Structure formats: structure tokens, C-alpha cells
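Below: one structure, written as C-alpha cells.
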Amino acid sequence: MKGSRLLTRREALGAVGAAGAAFAFGCGDSPTSPSSTATTTTTTSTNATCAVTPTETIGPYPSLVDLFRSDIREGKSGTLLALTIRVVNVSNACAAVPNANVEIWHVDAAGDYSQYGTQTTQTFLRGIQTTNSNGEVTFTTIYPGWYQGRATHIHVEVTMAGRSVKVTQIAFPESLNNTVHASGVYASRGTNPMSNLADGILADSLSSEIVTPSGSVSAGYAATFQVGVSV
């Protein structure tokens with residue numbers, strides 16, 4: 001993909017500011033065409049309290065490569081999601097944290113992660129960016145699908161100078177999940193039977209990890225998620 005830079009995990013961990021080991025869970029699915037560009041520009045954040053973001057499990061499978069890029073779709077079809085992540089330092093009145101590496105990864109519409117199962121050569125829906133002076137990065141991705149046993153979510157890891165400072169997950173309102181998952185490429189699987197509060201990972205800290213994107217299925221969604229770290 002134009003503008004993407006791929007490093008091996010060994011190279012990335014040896015570089016100052018490169019992301020630490022990222023993990024995921026899944027099998028695989030064949031990539032399809034991306035959805036149309038979103039026209040939504042308004043972003044929302046529902047976790048902007050100046051507090052350390054809860055730490056969550058990183059997952060069972062390591063990423064095999066680090067991809068520095070903003071558009072992580074790699075041809076995956078689905079409802080467009082523009083996800084801005086803002087990193088702030090709660091030890092300094094929630095001042096922006098520049099020059100931190102933010103990595104995200106999540107499943108496609110079929111509920112599959114890249115790099116494992118039948119998709120060992122694929123790297124879709126994974127990517128890293130370095131925060132700007134406002135502590136922000138914005139990824140172009142698709143709304144995540146779901147897989148058995150977990151609520152709909154996106155994984156996030158923040159690293160600084162090669163050291164992991166926060167691993168967390170982003171959740172979404174079930175009403176919005178149901179709307180998206182009843183449409184387009186998601187519809188054949190139906191809605192996620194696992195609720196946020198029934199998810200053993202998200203249930204105890206949901207209010208700090210949920211974000212409500214603005215937009216629509218046809219135009220795409222946008223959201224901002226704040227990650228509070230103590231550095």
C-alpha cells in the first residue's frame with residue numbers, strides 16, 4: 001500500500017519509539033473491496049475523563065510485522081470508520097503525549113484476524129502511527145466485526161521509546177453494533193450475541209473504554225478515543 005512502511009518485529013523492537021509486541025486472536029478470510037469514502041467529519045469521545053485508561057489483555061497471538069500506516073484496510077470491505085486516538089499524560093494534567101507509537105488491530109466483517117489461521121500472509125486491519133504534537137493519530141479502517149465469546153472491540157497498544165506503556169481495548173454501544181452488523185457485508189453473520197457487560201474483559205471498566213462514533217452506515221463513522229497514560 002502506498003505510504004506504508006513494513007518492518008520485521010525484530011527491527012521494530014530495536015528502534016527507538018517502535019511498537020512493542022502486539023497480539024491478536026483469529027483465523028482468516030479473503031479480502032474484498034473497501035467501502036466508499038466516509039463523508040462524516042464530526043468526531044465524538046465518551047471517555048475523555050483525565051484518568052489512566054484501564055489495562056486489558058493484549059491477546060494470545062503476536063503480530064509478525066509492524067506496519068506504519070494510517071489506512072489499515074488492505075481492501076477489506078465494511079462500513080468505514082475514521083478512528084482518532086488521543087494519548088494524554090494524566091501525570092501532567094492530561095497534556096498531549098507526542099512521539100508515542102499507537103498500534104491498533106481488530107477483526108474483519110467475518111470475525112477474522114490477519115496473520116494467523118488461513119491468513120498467515122495477510123496483515124489487514126493492523127497498523128501503527130506516531131502521535132503528533134496534539135498527541136493524536138487517525139486510522140482509516142472499517143467498523144469491526146465480531147467473533148464468538150467476545151463483545152465487539154478494537155485492540156490498542158501505546159509504546160514510547162520501545163516500551164509498552166498501555167494496552168487496552170475499545171468497545172462500542174450495542175445499539176450501534178446491531179445497526180452496522182445488520183447491514184452490508186456484516187449481515188450474513190447477524191448481530192453479536194455477546195453484550196459488553198457479559199464480556200469478562202470489558203465489563204468491569206466499560207465506561208472508560210466505550211466510544212460512540214458519529215455518522216451512518218452509508219456515509220461512514222468517526223470517533224475519538226482518549227488513552228490516558230502515566231509517564
Side-chain angles (χ1 to χ4, degrees), residues 1 4-15 18-35 55-81 83 85 101-129 137 139-159 162 164 166-172 177 180-181 184-186 188-194 196 199-202 209 225:
M1 179 176 297
S4 297
R5 182 162 60 90
L6 185 151
L7 295 87
T8 66
R9 176 63 58 175
R10 181 181 296 275
E11 290 170 339
L13 290 178
F23 292 76
F25 174 88
C27 43
D29 183 38
S30 299
T32 53
S33 299
S35 58
T55 296
E56 302 293 4
T57 180
I58 199 167
Y61 294 121
S63 293
L64 303 180
V65 295
D66 284 330
L67 287 161
F68 285 81
R69 59 189 182 175
S70 60
D71 188 334
I72 66 173
R73 292 173 295 174
E74 285 192 21
K76 280 293 178 180
S77 181
T79 297
L80 194 66
L81 175 63
L83 178 63
I85 296 177
N101 281 347
V102 178
E103 180 169 14
I104 69 169
W105 64 102
H106 64 87
V107 297
D108 63 6
D112 300 320
Y113 284 101
S114 62
Q115 298 190 336
Y116 291 91
T118 62
Q119 295 296 320
T120 57
T121 63
Q122 300 295 318
T123 53
F124 56 80
L125 306 180
R126 298 175 182 264
I128 305 170
Q129 290 190 76
V137 296
F139 291 95
T140 300
T141 186
I142 62 169
Y143 200 95
W146 60 272
Y147 56 93
Q148 195 68 36
R150 285 300 317 277
T152 304
H153 64 280
I154 292 178
H155 293 267
V156 180
E157 181 174 23
V158 179
T159 63
S164 179
K166 179 57 60 178
V167 176
T168 192
Q169 297 184 24
I170 302 173
F172 300 86
N177 290 338
V180 174
H181 294 158
V185 295
Y186 306 89
S188 62
R189 301 189 69 232
T191 57
N192 191 348
M194 175 64 70
N196 289 327
D199 186 303
I201 292 174
L202 298 171
E209 295 170 311
F225 183 81

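From a predicted model like this one, the values you see are computed outputs, not experimental measurements.
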Please find the pair of heavy atoms, one from [X] and one from [Y], that lie closest to each other, and give the distance.
X	Y	answer
Lys76	Ile142	O-CG2, 3.7 Å
Ser77	Ala109	O-CB, 4.1 Å
Leu125	Arg69	N-NH2, 4.2 Å
Asn196	Ala171	OD1-CB, 4.1 Å
Ile72	Gly127	CG2-CA, 3.7 Å
Ala151	Met194	N-CG, 3.3 Å

Steps toward side chain to side chain contact (heavy atoms under 4.5 Å, CB included) verdict (Leu81, Ile154) = CA-CA 12 Å; Leu81 175 63; Ile154 292 178; 4.1 Å; yes
Residues which pass side chain to side chain donor-acceptor pair (under 3.5 Å) with [X], listed by chain and number, not counting sequence neighbours:
X	answer
Glu56	Ser205
Thr55	Lys166
Tyr143	Asn177

Measuring from atom [atom1] of [X] to atom [atom2] of [Y], what distance do you get when rounded to the nearest 0.5 angstrom?
X	Y	atom1	atom2	answer
Leu83	Ile170	CG	CD1	4.5 Å
Leu202	Phe172	CG	CZ	10.5 Å
Tyr116	Gln122	OH	CD	14.5 Å
Phe225	Thr168	CZ	OG1	5.0 Å

Okay, side chain of [X], backbone of [Y]: is any donor-acceptor separation there less than 3.5 Å?
X	Y	value
Thr140	Asp71	no
His181	Pro144	yes
Trp146	Gly190	yes

Any non-hydrogen side-chain atom of [X] less than 4.5 Å from a side-chain atom of [Y]?
X	Y	value
Val65	Arg126	no
Leu67	Glu74	yes
His106	Thr141	yes
Asp66	Glu103	yes

Decide ring-ring contact (aromatic ring centres under 6.0 Å, His included) for Tyr147 and His153; before the verdict, give the C-alpha distance in whole Å, the side-chain angles of both, and the deciding distance to 0.1 Å.
-> CA-CA 10 Å; Tyr147 56 93; His153 64 280; 5.7 Å; yes
Just do the side chain to side chain contact (heavy atoms under 4.5 Å, CB included) check on Gln169 and Ile201 with the steps written out, would you?
-> CA-CA 9 Å; Gln169 297 184 24; Ile201 292 174; 3.9 Å; yes
Could you tell me whether the side chains of Ser164 and Glu157 share a donor-acceptor contact shorter than 3.5 Å?
-> yes
Could you go step by step and tell me if Gln129 and Ile85 meet the side chain to side chain contact (heavy atoms under 4.5 Å, CB included) rule?
-> CA-CA 10 Å; Gln129 290 190 76; Ile85 296 177; over 6 Å; no
Side chain to side chain contact (heavy atoms under 4.5 Å, CB included) between Ile104 and Val137, worked out | CA-CA 11 Å; Ile104 69 169; Val137 296; over 6 Å; no
